[in-house]
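Notes for the one structure printed next.
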Amino acid sequence: MENTETTQATSQKQKKPLIKRIFKKLASTFAFSRLPMIIILILFQAALYFIIFNIIDDYSREYTLLRAFGILITSIIIYNYNMDSSVKLTWMLIVAMLPLTGAAFFIYTRLGLSFWDIRLKILNTIRRTMNFLPVDVEVAKELYFEDPTTFNLFIYSNNTGCFPIYKDSDITFFPLGEDKFDDMLNELKKAQSYIFLEYFIIEEGIMWNSILDILVEKVKEGVEVRLMYDGMCEITTLSFDYKDKMKELGIKCKPFFPITPLMSTKYNYRDHRKILVIDGIVAYNGGVNLADEYINKKERFGHWKDTAVKIYGTAAQSFTLMFLQMWNIDAAEYYDDSNYYPYIPYLEPSNNLELMMTNYFNEDAISELYRIEDTYTPDDFPKGYVLPFADYPTDGDKVGKKFFLEILNHAQKFVYIMTPYLILDDELLETLKYTAQRFVDVRIILPGIPDKKGAYALAKSHYRILNDYGVKIYEYTPGFVHAKIIVSDMKRAIVGTINFDYRSLYHHFECATYMYRSPAIIDIVDDFKQTQKKCRRIDEDAIKNEKLSYKILGKVLKLVAPLM
């Protein structure tokens, strides 16, 4: 009854005139929140910096020579900095146009002084929890013979964040957000111990209210419920005191990097992950946030095409660890093991990856394994490996990007990609071209109705060169594609939160589910083919007849694409 009343109230709310609802939202936001003060203070700081820099800039002729020398030195530093070449060019352009401001901004962002403490905590947290999840040595040995590529990915991901590979977990693929939503409600009702939610966007409506009703009931039953959302929600979809409202309901809640009046580089790093873990047995991952457009209960950009997966089994523990790592970053005792136990098992380092590599994969052991390799047949190996992994922008490893590159470089027959954004760095662009040149069928599905005109124009700026090299590009005519998938050769697939753009690959906290030989891959490929039937092919004529405004905007925005 309570769920029905919540749904009816939400439906009546949505029937109100759009302009009236927008006005009411803006009025309540500015009248009863910290947002106006934050905006005023940020603008004041920006104006102050601009005035100071311009006064110094016009101070004397001698300063002109000093400025030229500064541009040269800064350009040399940028050119030799460890970053993508396109990012270097963007920064050098900024410094050339705004010498003092650009150089100061570059130094400020690179040093990340306001983010230094958090960065150290994240790195220490990852190091401390590296051995919290067990590695099944027998699974690793079997994988070593069946697919060295996936085995190498497993070793890499385990070294960067304690992410074992599993073979005892089932994967269910959801081709739409509403499919995940229905299944999620059923699983939430079964929770007995704990429920962890971590989402980039949460917005009140049919979807979130239905989930919240269940969470409140579960709290009453003694189930521990924790909720974490990105701090940007506080200025877009939720009130600043929303965490207090949740705590009144018995839900432990915290925003990730909430916005404050002070300018900080940490705001560039957003928690873009979507994780739901129930009792360490069930986990959800994918592109679906907790807002009504993701289940097509509210239309924003036509039909919303999204995807997700449910992991059932021990592989869900990897998402439990991911959640707890982020939750405990700002805890007073963030390094305390009791923050993780009893939610996940704890093993001493000698029982984990180090032992496996020492006892099973030393030179003598590998030589022995190679001698017996020919006696194995495909039927000897289990099917359906699952490797959940996370990507942290603070550790210098572009984990998501490396997983994408690994799939592209090892594809033999086809690679299918769905992504809402296509803002490529040089390495990804060259790899896509090379993959298509190897006669691999590379197809990319992108939105037909964009949510951001700038990102849409940037994606289109890649169309011609990709098309010239044989990459087939499609746009989803019914609406917006928010799915983040890559699947290859009926063998490998990734479903998660990672887009093919700079923000996801360089700046966001992300997570995804890598699958090898999972039966769910069949469903992923089938969904791609069904979605493709609703798309328009972007051929040479379509590229030639593209709107001039998009062509110009795409070329201009390419100059600053790494900062978008």
Side-chain angles (χ1 to χ4, degrees), residues 133 135-136 138-158 163-176 179-180 183-184 187 274-277 280-288 306-320 322 377-390 399-400 402-404 406-408 410-418 483-498 511-531:
L133 294 176
V135 171
D136 190 321
E138 294 304 317
V139 171
K141 288 171 61 180
E142 292 166 349
L143 180 63
Y144 176 79
F145 288 115
E146 185 171 358
D147 188 57
T149 296
T150 300
F151 175 81
N152 291 336
L153 271 177
F154 147 64
I155 295 296
Y156 165 72
S157 65
N158 212 327
F163 302 116
I165 193 157
Y166 306 86
K167 71 170 183 177
D168 61 349
S169 299
D170 296 324
I171 303 292
T172 302
F173 174 74
F174 302 109
L176 289 171
D179 298 327
K180 174 199 172 183
D183 191 84
M184 181 193 305
E187 292 292 349
K274 294 94 180 168
I275 295 174
L276 167 60
V277 185
I281 300 298
V282 176
Y284 291 86
N285 183 220
V288 182
D306 220 324
T307 57
V309 289
K310 177 175 76 173
I311 299 93
Y312 185 85
T314 55
Q317 293 176 353
S318 288
F319 288 104
T320 303
M322 291 180 208
T377 66
D379 294 333
D380 294 321
F381 300 110
K383 305 300 180 186
Y385 295 88
V386 183
L387 174 59
F389 67 93
V399 178
K402 289 175 182 175
F403 268 75
F404 286 168
E406 196 75 7
I407 288 182
L408 288 167
H410 288 86
Q412 296 177 334
K413 297 178 181 178
F414 70 84
V415 176
Y416 297 159
I417 298 169
M418 263 197 247
K484 304 100 166 39
I485 68 168
I486 178 170
V487 58
S488 171
D489 297 344
M490 301 301 292
K491 292 181 180 180
R492 304 177 180 90
I494 295 175
V495 177
T497 68
I498 310 171
C511 62
T513 304
Y514 175 91
M515 292 160 270
Y516 175 73
R517 293 290 192 186
S518 170
I521 293 176
I522 298 173
D523 299 327
I524 295 171
V525 172
D526 181 64
D527 177 60
F528 186 94
K529 291 180 178 179
Q530 294 303 317
T531 304

> When rounded to the nearest 0.5 angstrom, what distance separates OG1 in Thr172 from CG in Asp179?
Replying inline: 11.0 Å

> Are the side chain of Ser157 and the backbone of Phe389 linked by a donor-acceptor contact shorter than 3.5 Å?
Replying inline: no

> Hey, mind stepping through Tyr516 and Thr149 against side chain to side chain donor-acceptor pair (under 3.5 Å) and telling me if it holds?
Replying inline: CA-CA 10 Å; Tyr516 175 73; Thr149 296; over 6 Å; no

>> Under the rule for salt bridge (charged side-chain N to carboxylate O under 4.0 Å, His left out), what residues qualify as partners of Lys402, not counting sequence neighbours?
In response: Asp397

> Asn285 versus Thr497: any side-chain heavy-atom pair under 4.5 Å?
Replying inline: yes

> Does a sphere of radius 6.0 Å around OH in Tyr312 hold more than 12 heavy atoms from other residues, nucleotides or ligands, not counting ones at 6.0 Å or beyond?
Replying inline: no

> Counting distance only, does the side-chain N/O of Asp489 pair as donor-acceptor with the main-chain N or O of Ala411 below 3.5 Å?
Replying inline: no

> Taking atom CD1 of Ile485 and atom CE of Met515, what is their separation to the nearest 0.5 Å?
Replying inline: 9.0 Å

>> Any salt bridge linking Asp147 with Arg492? Criterion: basic side-chain nitrogen under 4.0 Å from a carboxylate oxygen.
In response: yes

>> So which atom in Ser169 and which in Ile311 form the shortest heavy-atom distance, rounded to 0.1 Å?
In response: CB-CG2, 4.2 Å

> Taking all atoms of both residues into account, what is the closest heavy-atom pair of Met322 and Cys511, and its distance?
Replying inline: SD-CB, 3.8 Å

>> So Met418 and Lys484, do their side chains get closer than 4.5 Å, heavy atoms only?
In response: no

> By side chain to side chain contact (heavy atoms under 4.5 Å, CB included), which residues pair with Glu187, not counting sequence neighbours?
Replying inline: Asp183, Lys190, Ile278, Val282, Tyr284, Lys310

>> Please give me the minimum heavy-atom distance between Val487 and Ala493, naming the atom from each residue.
In response: CG2-CB, 3.8 Å

> Heavy atoms, side chains only, cut-off 4.5 Å: are Phe154 and Val135 in contact?
Replying inline: yes

> Sub-3.5 Å donor-acceptor pair from the side chain of Ser488 to the main-chain atoms of Phe414, do we have one?
Replying inline: yes

> Is any side-chain heavy atom of Thr307 closer than 4.5 Å to a side-chain heavy atom of Phe173?
Replying inline: yes

>> Which heavy atom of Phe319 sits nearest to which heavy atom of Ala512, and what is that distance?
In response: CZ-O, 4.1 Å

>> With a 4.5 Å cut-off on side-chain heavy atoms, are Ile165 and Thr150 touching?
In response: yes

>> For Glu142, is there an ion pair with Lys167 - N to carboxylate O distance below 4.0 angstrom?
In response: yes

Please tabulate, for the side chains in residues 521-530, all donor-acceptor contacts under 3.5 angstrom to protein atoms that are two or more places apart in sequence or on a different chain.
| residue | atom | partner | partner atom | Å |
| --- | --- | --- | --- | --- |
| Asp527 | OD1 | Lys305 | NZ | 2.9 |
| Asp527 | OD2 | Lys305 | NZ | 2.9 |

> Roughly how far apart are Leu153 CG and Tyr385 OH, rounded to 0.5 Å?
Replying inline: 14.0 Å

>> I need the Ile494 CD1 to Glu406 CD distance, nearest 0.5 Å.
In response: 10.0 Å

> If you take all heavy atoms of Asp136 and Glu138, which pair is closest and at what distance?
Replying inline: OD1-N, 3.1 Å

> If you take all heavy atoms of Gln317 and Gly280, which pair is closest and at what distance?
Replying inline: CG-O, 3.7 Å

> Strictly by modelled atom types, are Ser318 and Tyr166 linked by a side-chain donor-acceptor pair under 3.5 Å?
Replying inline: yes

> Pick from Tyr156, Tyr144, Phe145: which one makes a ring pair (Phe, Tyr, Trp, His ring centres under 6.0 Å) with Phe151?
Replying inline: Tyr144

